[in-house]
Asker: 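Mind looking over this structure? Questions follow.
These figures come from a predicted structure and were not determined experimentally.
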Amino acid sequence: ERKINTEHAAIIHRIFQEYDAGKSPRAIAISLNKDGIAAPRGGKWNPSTIHGRIERGYGILCNPLYSGRIVWNRVREDKEPDTLRRIPRVNDKEDWIEKDAPELRIIDEALWQRVQARLKSLKQERSEIWKANRPKHLLSGLLVCGECGHGFSKRTPDRYGCTCRRDKGDCSNQLRIRQDELEGAVLATLERYFMHPEMLQACCEAYTKRTNELRRDASDSVASIKTKIARLERERKRCIEAIKGGVPGEEVKDEMIRIRDERQQLEAQLSDTKDDPVRLHPKMADHYRNRISDLIEAIHRESRRDEAREILRGLIEKVVLTPDKDRKKLVVDLYGDLAGIIAAAEESQPQPVQAKRRVGERVVAMVGPEGLEPPT
């Protein structure tokens, strides 16, 4: 019962023709947005809406319906047992169900085949690059535009810029920032606050406090395990008394096995649980300072760069880059667990805190959360 929407079909035909003429999906998306043409869901066009994924038939250029073919059962959804999230999986091609529908064709066969050939050639080139799917730079994937909320990515080999402005032409944030300047400012700020004596003491005390809390919980667990073992011992004795009283052993055999297995498990847990308190070692702050200093230094060593980069990235949730009032420089805000540590070092009460470090013409601002839960 489908029929062609002629207004939308003209847009589809335009996309295929521009792509066949050599335009990139990004350039096509920008031109559609400039012309005020709404995307399929009513918003702005993205390059991914146009190029899609060829193996799944997603995206404007990959949809077989535009070539007069209806395909079912291309993708299934599997549910992860732990998170219950639905994960799309591509079915084997022999399981697909295809039907010709020439009355629904929008793109002629010759144009369709040229577009598919270009998509496949570009996909093969990109696959070699995408095999190493690890962040290449310290702040890769962590940068966010403060105006539109989209990411910041490489606009030139050494400068970051707003991805939305590049892909859609739909963001007013046109400022860029040098990679070495941004990373240098972030590292210098991390080192400054991590090496602060009060911050070292706050971190060590927070670690000791939290660890002792966990040990107290473990002590409570020890008492609970001992209670359960005592209960099982009473049940075992009752079974023995029942056998002595004339109850056939076969009738209580399963119960005795259950009691034995449960007791063994509980005794194993008990042997692995320690309830001794942790005390703040006088050299703990010195050790912490040496480790952090070594970590900052390792980021500049080729042999240890990847390891140090991953550790430092784990401290940062996001880095927001927003133009200042004069729109001549970027203000950089760091968010993450680090903010809670800095708040503990800067103020005695848990409340939002901003500690700024001016670097050249830009400002690096460390923004704390509303509540403070000292990390361990």
Asker: Are W112 and I28 co-members of a hydrophobic cluster defined by side-chain heavy atoms under 4.5 Å apart?
Answerer: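 Hydrophobic grouping puts I28 with W112.
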Asker: If you apply the rule side-chain contact (heavy atoms from CB on, under 4.5 Å), what do you find for I60 with Y66, and how did you get there?
Answerer: CA-CA 8 Å; I60 300 295; Y66 300 144; 4.0 Å; yes
Asker: side-chain contact (heavy atoms from CB on, under 4.5 Å) for N91 and W72? Distances and angles first, verdict last.
Answerer: CA-CA 10 Å; N91 291 325; W72 292 276; over 6 Å; no
Asker: For G151, is there any backbone N or O sitting under 3.5 Å from a side-chain donor or acceptor partner on T163?
Answerer: yes
Asker: Is the shortest side-chain heavy-atom distance between R69 and D100 below 4.5 Å?
Answerer: yes
Asker: Return yes if some donor-acceptor pair links the side-chain N/O of D324 with the main-chain N/O of K328 below 3.5 Å, else return no.
Answerer: yes
Asker: As an exercise, state the distance from CD of Q113 to CZ of R118, rounded to the nearest 0.5 Å.
Answerer: 16.0 Å
Asker: Which heavy atom of E7 sits nearest a heavy atom of N5, and at what distance?
Answerer: N-OD1, 3.1 Å
Asker: What distance separates Q179 CD from T156 OG1, expressed to the nearest 0.5 Å?
Answerer: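 Q179 atom CD to T156 atom OG1 measures 9.5 Å (nearest 0.5 Å).
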Asker: What distance separates D261 CG from M256 CE, expressed to the nearest 0.5 Å?
Answerer: 11.5 Å
Asker: I'd like to check E235 versus E255 (side-chain heavy atoms, cut-off strictly below 4.5 Å). Are they in contact?
Answerer: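 They are in contact (side-chain heavy atoms under 4.5 Å apart), so the answer is yes.
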Asker: Do you reckon Y19 sits in the same ILVMFWY cluster as L111, going by side-chain contacts under 4.5 Å, direct or chained?
Answerer: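 Y19 and L111: one cluster.
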Asker: Ion pair present between R327 and E147, side-chain N to carboxylate O less than 4.0 angstrom?
Answerer: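 A salt bridge is present here (some side-chain N lies under 4.0 Å from a carboxylate O).
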Asker: Would L104 and I70 count as a side-chain contact (heavy atoms from CB on, under 4.5 Å) if you check the C-alpha gap in whole Å, the side-chain angles of each, and the deciding distance to 0.1 Å?
Answerer: CA-CA 9 Å; L104 299 179; I70 303 175; 4.2 Å; yes
Asker: Can you list every side-chain hydrogen bond (donor to acceptor under 3.5 Å, both in side chains) pair that touches residues 236-251, not counting sequence neighbours?
Answerer: E233-R236
Asker: Taking the side chain as C-beta and beyond, is there a heavy-atom pair between I229 and R263 under 4.5 Å?
Answerer: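 Touching, per the 4.5 Å side-chain cut-off.
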Asker: So, R165 side chain and C171 main chain: donor-acceptor pair closer than 3.5 Å or not?
Answerer: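 Indeed, once roles are kept as given, a pair shorter than 3.5 Å links the two residues.
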Asker: Does A110 offer a backbone N or O that forms a donor-acceptor pair with the side chain of D108 under 3.5 Å?
Answerer: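 Judged by distance alone, yes, a pair lies under 3.5 Å.
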Asker: Grab the two heavy atoms, one from L232 and one from R258, that are nearest each other, plus how far apart they are.
Answerer: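 That would be CD2-NH1, 4.4 Å.
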Asker: State, yes or no, whether a side-chain contact exists between S31 and K23 at a heavy-atom distance under 4.5 Å.
Answerer: yes
Asker: Return the OG1 to CD1 distance between T6 and I11, rounded to the nearest 0.5 Å.
Answerer: 10.5 Å
Asker: Using side chain to side chain donor-acceptor pair (under 3.5 Å) as the criterion, list what pairs up with D78, not counting sequence neighbours.
Answerer: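 Applying side chain to side chain donor-acceptor pair (under 3.5 Å) to D78 gives R76.
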Asker: Tell me, do I15 and L61 make a side-chain contact under 4.5 Å, heavy atoms counted?
Answerer: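 Result yes, sub-4.5 Å side-chain heavy-atom pair found.
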Asker: Would V252 end up clustered with I259 when hydrophobic side chains under 4.5 Å apart are linked, directly or stepwise?
Answerer: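 Unlinked, V252 and I259 end up in two clusters.
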Asker: If Ile, Leu, Val, Met, Phe, Trp and Tyr residues are connected whenever their side-chain heavy atoms lie under 4.5 Å apart, and connections chain through other members, are I37 and I106 in the same group?
Answerer: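 Yes, one cluster joins them.
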Asker: Just verifying a value: how many Å separate H51 NE2 and L119 CG, rounded to the nearest 0.5 Å?
Answerer: 9.5 Å
Asker: For V115 and F16, work out which heavy atoms get closest and say how close.
Answerer: CG2-CD2, 3.7 Å
Asker: Closest approach of P64 and R74, non-hydrogen atoms and distance?
Answerer: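 That closest heavy-atom pairing would be CD-NH1, 3.3 Å.
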Asker: Give a yes or no on whether V71 and V75 share a hydrophobic cluster (residues Ile, Leu, Val, Met, Phe, Trp, Tyr; joining criterion: side-chain heavy atoms under 4.5 Å apart).
Answerer: no
Asker: Check for a donor-acceptor pair, side chain of D92 on one end and backbone N or O of E94 on the other, with a separation under 3.5 Å.
Answerer: no
Asker: Rounded to the nearest 0.5 Å, how far apart are NZ of K228 and CD of E267?
Answerer: 14.0 Å
Asker: Hey, mind stepping through K329 and L175 against side-chain contact (heavy atoms from CB on, under 4.5 Å) and telling me if it holds?
Answerer: CA-CA 7 Å; K329 52 190 176 183; L175 298 179; 5.6 Å; no
Asker: Are E18 and I50 close enough that some pair of their side-chain heavy atoms sits under 4.5 Å apart?
Answerer: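 Not in contact.
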Asker: What closest approach, in Å, do L321 and V319 show between heavy atoms, and which atom pair accounts for it?
Answerer: CD1-O, 3.6 Å
Asker: Between the side chain of N73 and the main-chain N/O of I97, is any donor-acceptor distance below 3.5 Å?
Answerer: no
Asker: With N173, which of P323, C164, C148 fulfils side-chain contact (heavy atoms from CB on, under 4.5 Å)?
Answerer: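 Result for side-chain contact (heavy atoms from CB on, under 4.5 Å) with N173: P323.
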Asker: Considering only residues two or more places apart or on different chains, which pairs with a residue in residues 36-49 satisfy side-chain hydrogen bond (donor to acceptor under 3.5 Å, both in side chains)?
Answerer: N46-K168
Asker: Check L182 against Y160 and note the closest heavy-atom contact, atom names and distance.
Answerer: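 Residues L182 and Y160, closest heavy atoms: CD2-CD1, 4.2 Å.
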